[in-house]
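Proteins get letters first, then strands, A, B, ... in listed order; numbering begins at 1 in each. Everything quoted here is computed from the prediction, not taken from an experiment.
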Amino acid sequence: DAMVIQNPRYQVTQFGKPVTLSCSQTLNHNVMYWYQQKSSQAPKLLFHYYDKDFNNEADTPDNFQSRRPNTSFCFLDIRSPGLGDAAMYLCATSRDRVAGGTHTQYFGPGTRLTVL
Amino acid sequence: ILNVEQSPQSLHVQEGDSTNFTCSFPSSNFYALHWYRWETAKSPEALFVMTLNGDEKKKGRISATLNTKEGYSYLYIKGSQPEDSATYLCAFPGGSQGNLIFGKGTKLSVKP
């Protein structure tokens, strides 16, 4: 029944070692989002895909990249993780882009990234 | 920079207590306000999308009200149960291209 799946749930990586987080969806939604949430902070949008169109937030570091090879899958690549990148990473989908701000987003359970 | 503020940051109540918490958002150019519930080790789950001033929505023991003119929404939980323990997030579509800006959430703990 899971609609947005994230793997792995917990990821440990070493400082500077590239890491990839994955997200898949069974909802056939057009939009997929990646959020970063650090402890006691609000989830912060890193980027989103509208179909194949990639939209980066202005303040997302270059260290973070994303790929969406097809409708169902989206990946978050962290090229050289630093200690400050330790966080919960949430993937979400919505049927369409926020037209009037009313489209519900459907979230995965997140991947908690630890950087040693 | 648009901000969404939630208070209190955390709340501890006894089973059976009713409780409420607040989300404040920019009152100009209002489109919608979202409430999500995020239980530990689970996915954030949508509770409500609110669009009209004075709107009140209800889901079981949880209800929410909206005041777009003054820029706040209240979430109420009547007769809290341990299974209500979660972080409650609100979000406002004030980001680039109307993307959601989230508050930090209110973490609710309900003791049996």
query: According to a 4.5 Å side-chain heavy-atom criterion applied to Ile, Leu, Val, Met, Phe, Trp and Tyr, with indirect links allowed, do B:Trp38 and A:Phe107 form part of one hydrophobic cluster?
result: yes
Solution key, residues 15-22 of chain A side-chain donor-acceptor pairs under 3.5 Å, sequence neighbours excluded:
unit_1	atom_1	unit_2	atom_2	d
A:Thr20	OG1	A:Asp77	OD1	2.6
A:Ser22	OG	A:Asn7	O	3.1

query: For the candidates A:Met88, A:Glu57, A:His48, A:Arg112, which exhibits the highest count of non-hydrogen atom pairs separated by less than 4.5 Å from chain B?
result: A:His48
field: Cluster link B:Ile62 to B:Tyr72, ILVMFWY, side chain under 4.5 Å
entry: no
field: Best-contacting candidate, B:Met50, B:Glu45, B:Lys42, against chain A by heavy atom pairs under 4.5 angstrom
entry: B:Lys42
- prompt: Side chain, backbone, both or neither: which part of B:Leu33 has a non-hydrogen atom closer than 4.5 Å to chain A?
  reply: neither
- prompt: Which atom names give the shortest non-hydrogen contact between A:Pro109 and B:Ser43, and what distance separates them?
  reply: N-OG, 3.1 Å
task: Determine whether B:Tyr88 and B:Val49 fall in the same hydrophobic cluster, where Ile, Leu, Val, Met, Phe, Trp and Tyr are linked whenever their side-chain heavy atoms lie under 4.5 Å apart.
output: no
- request: Heavy-atom distances under 4.5 Å only: say whether B:Ala91 touches chain A with side chain, backbone, both or neither.
  value: neither
message: Between B:Phe102 and A:Leu90, is there a side-chain heavy-atom distance shorter than 4.5 Å?
response: no
message: Heavy-atom cut-off 4.5 Å, strictly under: side chain, backbone, both or neither for B:Tyr36 against chain A?
response: side chain
Shortest non-hydrogen contact from A:Asn55 toward B:Gln97: OD1-NE2, 3.1 Å
- request: Name the region of A:Tyr35, side chain, backbone, both or neither, that has any atom closer than 4.5 Å to a heavy atom of chain B.
  value: side chain
task: Considering only heavy atoms, give the residues of residues 103-112 of chain B separated from chain A by less than 4.5 Å, sorted numerically, with 'none' for an empty result.
output: B:Gly103, B:Lys104
message: Working to the nearest 0.5 angstrom, can you tell me the gap between B:Ile101 CD1 and A:Leu45 CG?
response: 9.5 Å
- prompt: Quick one: what part of A:Gln6 sits under 4.5 Å from any heavy atom of chain B, side chain, backbone, both or neither?
  reply: neither
message: At a 4.5 Å cut-off on heavy atoms, which part of B:Gln9 comes close to chain A: side chain, backbone, both, or neither?
response: side chain
- request: Evaluate side chain to side chain contact (heavy atoms under 4.5 Å, CB included) for A:Tyr33 paired with B:Leu100, printing each intermediate quantity in order.
  value: CA-CA 10 Å; A:Tyr33 308 84; B:Leu100 293 180; over 6 Å; no
